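What follows is a single structure, written as structure tokens, with notes after it.
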Amino acid sequence: MKLARDTWLVFQRQLLLMARTPVWIAVGVIQPLFYLLLFAPLLKPVFAPMGATTYAETYQIYVPGLLAVLVIFGGLFTGFSLLGELRAGIIERSRVTPVSRLALLLGRALREVVALLVQAVIITLLALPFGLQVRPLDLLLAYLLLALLALMTSAISYGIALLVPSDSALAPVVNTIAQPIALLSGVLLPLALAPHWLQAAAHWNPFYWAVEGMRALFSGHLGDNAVWQSLLIVAAMTVAAVFWSARLFSSRVR
């Protein structure tokens, strides 16, 4: 109960800080919006071999990948905020309080989850006029997957920030991790028509399963095995990422 209470207190404070600078929500939406408006309409002939004969079906394939890439890059770059708090002495002041070290991490990570989900909802709403159709239950499950992905990537980013406590070093490290993960997830183009070796490599990527699960949900295939496989894989990876990051946080923030 203490962990839940402490996490809630840290989360509330982080939400208050985020509410004071809502411009970051808008900034996070701008680039995905460009892809939604300027890139997605070009994909209809590309997705035709996969059965997407209309723009609505094209967006059902493309939007889940766009949301995933938003979370991958948005979550993996959250470590910069932790570095800023470390330099400002905020974490140093927090450690003298009785608040759990794990709560200090989880409260911040959940703030990032909320911010990324808000951006995902905005992107989804903007895609509706283009013909995107998704059932409410399927959409909620897709957002659950996104929330787990956001928590996982935020925890990983915090861990990397503690290992590489420098802005100049953190950026290339995160880019080196994020780019192959995103490409092997099929976020922009599905990997169904990719070479077999590329598909085999993608199967080792948990983000690939998350994207496949979300595409099944956006297509209305709730009973598809990809949905439940993705939930199990992503949930397990999220627990592992939070545990790893929490151990680093506890050992380095004393």
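Computed from a predicted structure; not experimentally measured.
Nearest heavy-atom pair, Phe73 versus Ala182, reported as atom, atom and distance to 0.1 Å: CE1-CB, 3.8 Å. Of all heavy-atom pairs between Ser154 and Glu112, the closest is OG-CB, 3.4 Å. The minimum heavy-atom distance linking Ile160 with Ile177 is given by the pair CD1-CD1, 3.5 Å. The minimum heavy-atom distance linking Tyr143 with Leu117 is given by the pair O-CD2, 3.7 Å. Here the closest non-hydrogen pair linking Gly220 and Asp138 is CA-OD2, 3.5 Å. Closest non-hydrogen pair, Ala142 versus Met214, comes out as O-SD, 3.8 Å.
Phe218 places a side-chain heavy atom less than 4.5 Å from the side chain of Leu132. Side-chain contact between Leu67 and Val211 is absent, with no heavy atoms from C-beta onward closer than 4.5 Å. Residues Phe130 and Val63 form no side-chain contact, since every pair of their non-hydrogen atoms from C-beta on lies 4.5 Å or further apart. Using a 4.5 Å heavy-atom cutoff, the side chains of Met152 and Leu149 are in contact. Trp209 has its side chain out of reach of Leu231: every pair of non-hydrogen atoms, C-beta onward, lies at least 4.5 Å apart. Counting only heavy atoms from C-beta outward, the side chains of Leu146 and Leu116 never approach each other to under 4.5 Å. At a threshold of 4.5 Å between non-hydrogen side-chain atoms, the residues Val173 and Leu163 do not count as touching. In this structure, the side chains of Phe207 and Met237 stay at 4.5 Å or more apart for every pair of heavy atoms.
The main-chain N or O of Leu36 is found under 3.5 Å from a side-chain atom of Tyr59 such that the two form a donor-acceptor pair. Put simply, the side chain of Ser157 gets close to the backbone of Leu76: a donor and an acceptor are under 3.5 Å apart. The backbone N or O of Gln133 sits less than 3.5 Å from a side-chain atom of Gln60, completing a donor-acceptor pair.
More than 12 heavy atoms of other residues, nucleotides or ligands shown are found within 6.0 angstrom of CZ on Phe80.
The aromatic rings of His203 and Tyr208 sit tilted relative to each other, their planes meeting at an angle between 30° and 60°.
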